[in-house]
Each structure stands twice: as structure tokens, then as C-alpha cells.
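What follows is a set of notes on a single structure, which appears directly below.
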Amino acid sequence: MASEENAISMVNYCSTALPHIHNQPVYVQYSNYRELKTDGLPTQSGAPAALQAMNAAPCGNMAVTSAYPAEGGLCPGQSSVLRIIVENAYYPVTLDVLHQIFCKFGFVLKIVTFTRNNQFQALIQYAEPENAYYAKMILNGRNIYNSCCTLRIDFSKLTSLRVKYNNDKSRDFTRFDLPTAEGQLSLDPAVMAAFGSQDMIFQRYAGTGGFGPVTCYPQNAVTTCVASVQMCNPGVPGNSVLMVSNLNPEAITPHGLFILFGAFGDVLRVKIMFKNKENALVQMADAAQAQIAISYLNGQKLYGKFMRTTLSKHQSIQLPREGEEDNGLTKDYSNSPLHRFKKPGSRNFQNIFPPSATLHLSNIPPSVSFDYLKSLFARSGSTVKAFRFFQKDCKMALIQLGSVEEAVHALIDLHNYDLGDNHHLRVSFSKYTI
């Protein structure tokens with residue numbers, strides 16, 4: 001940095017607002033060096049080298065050098081939706097083909113395909129705008145197949161896509177309960193991957209640099225609902241087990257992880273490592289729910305520490321054998337009544353939002369007042385900044401707390417809290433503010 005004061009400001013800021021690059025948290029601390037010695041080349045000479053290194057990186061390598069400084073540009077707003085036109089479409093391009101390509105740059109939430117002016121087009125929504133930026137930067141102008149099916153990519157004016165059906169034309173990867181068409185029942189998740197199947201898998205063309213053309217090989221039809229997730233996570237195909245690290249061993253419990261991760265999917269088992277309680281395994285119901293949990297919880301501050309959430313190399317969590325010392329660190333929640341997403345078509349699928357300072361409360365009995373709820377959250381260590389009952393339904397309310405971390409702690413402490421009159425409080429993150 002230009003001065004020691006600037007460095008102090010940088011470290012202080014990053015300790016309270018954790019920065020992310022490619023969906024991964026970045027930790028900033030002081031170095032033992034007092035200054036850096038360079039080779040004396042002009043500052044701008046590094047830009048072409050950075051771009052060259054980035055272009056040589058394999059597609060999907062999320063550790064590529066940041067291209068913002070190299071291009072002299074800024075992040076293009078908050079849009080996470082891309083508009084894709086496939087030119088020179090000598091071979092057919094399907095929704096699954098697009099997902100297998102674009103998921104290498106981050107979690108794809110939704111895809112809508114259509115034909116306009118005799119051209120195959122698509123809209124793709126990522127979980128984060130940074131994912132859309134890097135996908136456009138690396139894939140724009142590339143060919144899907146050798147010398148054909150060229151991708152022309154731009155940012156869409158839309159901020160979110162609305163998907164009504166899961167079929168070969170549109171897909172919402174966060175909701176397996178959507179019907180395939182008007183009046184048709186929801187598909188079983190095991191059938192999801194068969195949509196629009198070309199019975200193909202894709203293999204990168206060696207030595208091309210960047211994305212490069214890919215070669216198409218015939219293959220048996222995919223038979224699991226997480227086939228697209230397998231393409232995004234080579235080495236851990238369809239994995240639903242998460243590795244959660246950098247936890248606070250003094251505060252974390254299996255129940256706490258069950259409740260927190262349960263806001264994003266059904267948690268089957270939790271295991272806190274016996275010899276290193278800063279690490280834990282969380283097994284979700286399926287790989288799609290695991291990806292959603294990673295997208296929303298990686299880098300989230302929990303009990304004073306920024307936890308890291310990634311896919312584990314383990315395929316399942318083993319329960320301790322009889323007589324094996326465990327100290328209650330491994331729990332099985334397979335039959336828990338607190339699962340939010342077991343019921344097909346549940347509205348809970350539509351209400352998964354990232355952690356926020358505002359919580360949605362429901363199942364509140366008429367006898368419970370605002371003062372009671374305020375004192376309840378205060379006892380859990382929260383600062384209540386605003387509160388509002390729903391006008392049309394007093395069983396529900398919004399409560400805004402002092403910070404996102406406070407809201408995370410409150411959700412863990414108070415979800416399923418017994419309010420009396422056979423009512424247990426339901427707590428989830430809200431997309432609204434008061």
C-alpha cells in the first residue's frame with residue numbers, strides 16, 4: 001500500500017466486511033515484509049501478462065487472476081443474468097449442454113432457452129454477479145464444438161429469471177418441485193437429468209487454452225438428478241457432504257449446524273471432528289441442496305469466525321460404532337421433524353434467501369406480543385432495530401436485528417422455540433428489510 005495508514009485501513013475494513021473473489025472468502029493480514037522489491041519494470045507491463053495467464057487457465061479454475069485491474073474496468077453492476085446467442089449452430093445445443101459449460105464458473109440458479117430470429121438463445125442466472133462476469137469474460141466468442149456453435153454473451157437487463165416449468169426449455173436448479181408443463185405433476189428428482197438429453201458428455205479439448213472447443217462423445221443417458229452438479233465438481237460427483245471449517249470450537253454444536261444449514265436444505269447428519277473441533281462435516285439430502293448451502297454460507301461469520309464451506313471428499317457421514325468415543329459430536333437427523341423441504345411442492349423451496357439481518361417469523365400464537373418477542377431475541381444476544389407484524393396474518397412478522405451475524409445466531413437459538421399454546425416459532429432469513 002502507499003502508506004502504513006492505508007494498510008491499517010485495509011485490514012480493519014476487511015476484518016468487518018469479508019471480501020470474496022470467485023465465491024471464496026479472502027483473508028487479509030499484515031506481512032512481515034516492510035516493503036516489496038520489484039524488478040523495476042513499469043507498473044502497467046504486468047497487465048498483458050495477467051490476461052495471458054488468465055486465458056491460459058483451464059475453464060472452471062476459479063483461482064484465475066482477477067481481471068478487473070488487468071482490464072482497467074469495474075464489475076458491471078449487480079446483474080447476475082447473462083444473455084447468450086449461439087451463432088453458427090451446426091450441431092444442436094440443449095439446456096443441459098449450456099449448464100455443463102456455464103456451471104464451471106459458479107452455481108447456476110436458472111436457465112431459460114428460446115429461439116428468436118432463427119437463433120438459439122438463452123438466459124442464465126448465477127447465484128452471484130461475479131460468476132456471470134467471469135463466465136462472460138472467458139466464454140464470449142468461444143466455440144462449443146470445433147469451428148461451430150459460437151457463444152455471443154452479454155449482460156441481460158433482467159436481474160432475476162422467473163421459471164414456471166422444469167423441462168428441456170427452462171430449468172430452476174433450486175426447485176425440483178416445479179411441473180414439466182401446464183397441468184402436469186412435478187417430476188421425481190431422479191428423472192430431472194433426463195431433460196433435453198443428448199446422451200452426451202463433454203470433454204475439454206487438450207491444449208487449447210481458456211475454454212477452447214470441446215469434443216462430443218456418445219454416452220448413456222444420465223440417470224441421477226445431480227448429473228449437472230457432477231460436471232461442476234470433478235472428483236466428488238454428486239456429493240452432498242460439506243466440509244465446514246474455521247468454526248469456533250467453544251460455541252459450535254451439531255444442533256447449531258443442523259439448524260443453520262437446515263435453512264437451505266434438509267440436513268441428514270452432522271459430525272464435528274473429535275480431534276479438531278474447528279472442522280465439521282454436514283450431510284445434506286442431495287447435491288443441489290449442498291451447492292445452495294455453499295453459495296449462501298461460505299464466508300459467513302459465525303460466533304466471531306468466518307466459516308469456510310466446501311464440498312467434502314467424503315460421500316457420507318458414518319455414525320460412530322458401538323463403544324466408540326464420540327462425546328455426542330456426531331448426530332443423525334434423518335428422521336427429524338424439523339426438515340423444511342421434505343414435502344413435495346413445499347413453499348419453503350421458494351423462500352430460500354441468503355443470511356440477512358432481517359428474519360421472517362411465523363407460527364406465532366395470538367397470545368404472544370411484540371414486547372415478548374423483543375425480550376426473547378434480546379435474551380439471545382440480539383439488538384432489535386425494527387419489528388412488524390404482517391397486517392393480513394398476525395401469525396407472521398419481520399424482525400430486523402443489529403447485524404447479519406446476530407440474525408444467524410438468533411435463527412440457531414430460536415428456530416422451533418416453544419411459544420406455548422402448541423406453537424413452535426419458525427425462523428428463516430428474509431429478502432425484505434423493515
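As a basis for the values below, the full set of heavy atoms in this structure was taken, side chains included, without hydrogen atoms, waters or symmetry mates.
Using a 4.5 Å heavy-atom cutoff, the side chains of F102 and I153 are in contact. Side-chain contact check for F173 versus I292: every heavy-atom pair is 4.5 Å or farther apart. Contact annotation: the side chain of V163 approaches that of L178 to within less than 4.5 Å [non-hydrogen atoms, C-beta and beyond]. Y126 has its side chain within reach of L82: a pair of non-hydrogen atoms, C-beta onward, lies under 4.5 Å apart. In this structure, the side chains of K104 and Y134 stay at 4.5 Å or more apart for every pair of heavy atoms. Considering only heavy atoms from C-beta on, I259 comes within 4.5 Å of L338 through its side chain. Residues I124 and F105 have side chains not in contact (no heavy-atom distance under 4.5 Å, counting atoms from C-beta outward). Looking only at side-chain heavy atoms (C-beta outward), L281 and L242 stay at 4.5 Å or farther from each other.
Taking R83 as the reference, nothing meets the salt bridge (charged side-chain N to carboxylate O under 4.0 Å, His left out) condition, with sequence neighbours excluded. Residues passing the salt bridge (charged side-chain N to carboxylate O under 4.0 Å, His left out) test with D154: none are found, sequence neighbours excluded. Residues passing the side-chain hydrogen bond (donor to acceptor under 3.5 Å, both in side chains) test with H415, sequence neighbours excluded: R340. Checked against side-chain hydrogen bond (donor to acceptor under 3.5 Å, both in side chains), Q29 has no partners two or more places apart in sequence or in another chain. The side-chain hydrogen bond (donor to acceptor under 3.5 Å, both in side chains) check on S316 picks up Q318, with sequence neighbours excluded.
Atom CZ of F377 is separated from atom CG of L414 by 5.0 Å, given to the nearest 0.5 angstrom. Between atom NE2 of residue H409 and atom OG of residue S403 there is a gap of 8.0 Å, rounded to the nearest 0.5 Å. With values rounded to the nearest 0.5 angstrom, L268 atom CG is found 13.5 Å from F261 atom CZ. The line from CD1 of I272 to CG of N279 is 10.5 Å long, rounded to the nearest 0.5 Å. Note that CG of L361 is 10.5 Å distant from CE of M396, once rounded to the nearest 0.5 Å. Between atom NZ of residue K271 and atom CG of residue L329 there is a gap of 7.5 Å, rounded to the nearest 0.5 Å.
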Test log, rule ring pair (Phe, Tyr, Trp, His ring centres under 6.0 Å), inputs H20 and F306: CA-CA 12 Å; H20 286 68; F306 295 101; 8.5 Å; no
From CA spacing to verdict: side-chain contact (heavy atoms from CB on, under 4.5 Å), F390, L398: CA-CA 8 Å; F390 280 53; L398 294 177; 3.8 Å; yes
Step-by-step side-chain contact (heavy atoms from CB on, under 4.5 Å) determination, Q119 to E87: CA-CA 7 Å; Q119 286 183 314; E87 297 180 346; 3.9 Å; yes
From CA spacing to verdict: side-chain contact (heavy atoms from CB on, under 4.5 Å), V93, I144: CA-CA 9 Å; V93 177; I144 298 178; 4.0 Å; yes
Audit row: R269, V282, side-chain contact (heavy atoms from CB on, under 4.5 Å) steps and yes/no: CA-CA 6 Å; R269 292 178 178 176; V282 176; over 6 Å; no
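Under a 3.5 Å cut-off, the side chain of Q283 and the backbone N or O of I317 do form a donor-acceptor pair. Judged by distance alone, with hydrogens and angles left aside, the side-chain atoms of S79 form no donor-acceptor pair with the main-chain N or O of T159 at under 3.5 Å. A donor-acceptor pair is defined here as one N or O able to donate and one able to accept, closer than 3.5 Å; such a pair exists between the side chain of N166 and the backbone of R175. Counting only distance, with no hydrogens or angles, the side chain of N363 and the backbone of L425 share no donor-acceptor pair below 3.5 Å. The backbone N or O of S312 sits less than 3.5 Å from a side-chain atom of N239, completing a donor-acceptor pair. Distance alone, capped at 3.5 Å, places no donor-acceptor pair between the E128 side chain and the S80 backbone. A distance-only check finds a donor-acceptor pair linking the side chain of H339 to the backbone of V267 [under 3.5 Å]. A donor-acceptor pair under 3.5 Å links the side-chain atoms of E406 to the main chain of T383, judged by distance alone. Side chain of N131 to backbone of G106: no donor-acceptor contact under 3.5 angstrom is found. Between the S356 side chain and the S430 main chain, a donor and an acceptor come within less than 3.5 Å of each other.
No side-chain N or O of D96 forms a donor-acceptor pair with one of T94 less than 3.5 Å apart. Side-chain atoms of T150 and N143 include a donor-acceptor pair closer than 3.5 Å.
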Output a table of donor-acceptor pairs, distance under 3.5 Å, between side-chain atoms of residues 110-118 and any protein atom two or more places apart or on a different chain; print 'none' if there are none.
residue, atom, partner, partner atom, Å
K110, NZ, L161, O, 2.7
T113, OG1, K169, O, 2.8

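Taking each heavy atom of A293 and M284 in turn, the nearest pair found is CB-CE, 4.4 Å. Contact detail for P179 and K164: the closest heavy-atom pair is CD-O, 3.8 Å. I412 and G256 make their closest contact through CG2-CA, 3.6 Å (heavy atoms, listed as atom of the first residue, atom of the second, distance). Contact detail for A2 and N6: the closest heavy-atom pair is CB-ND2, 3.6 Å. The nearest pair of heavy atoms linking V81 to S160 is CG2-N, 4.0 Å. Counting all heavy atoms, side chain and backbone alike, L401 lies closest to A410 at CD1-CB, 3.8 Å.
Under the 30°/60° scheme for interplanar angles, the aromatic rings of F429 and F264 are found to lie parallel. By the 30° and 60° cut-offs, the orientation of the rings of F258 relative to H255 is tilted.
Residue K277 places its NZ atom among more than 12 non-hydrogen atoms of other residues, nucleotides or ligands, all under 6.0 Å distant. At most 12 heavy atoms of other shown residues, nucleotides or ligands fall within 6.0 angstrom of atom NZ in K395. Remark: K331 NZ is loosely packed, at most 12 non-hydrogen atoms of other residues, nucleotides or ligands lying under 6.0 Å away. Environment of OH in Y13: sparse, with no more than 12 heavy atoms of neighbouring residues, nucleotides or ligands closer than 6.0 Å. Environment of OH in Y432: sparse, with no more than 12 heavy atoms of neighbouring residues, nucleotides or ligands closer than 6.0 Å.
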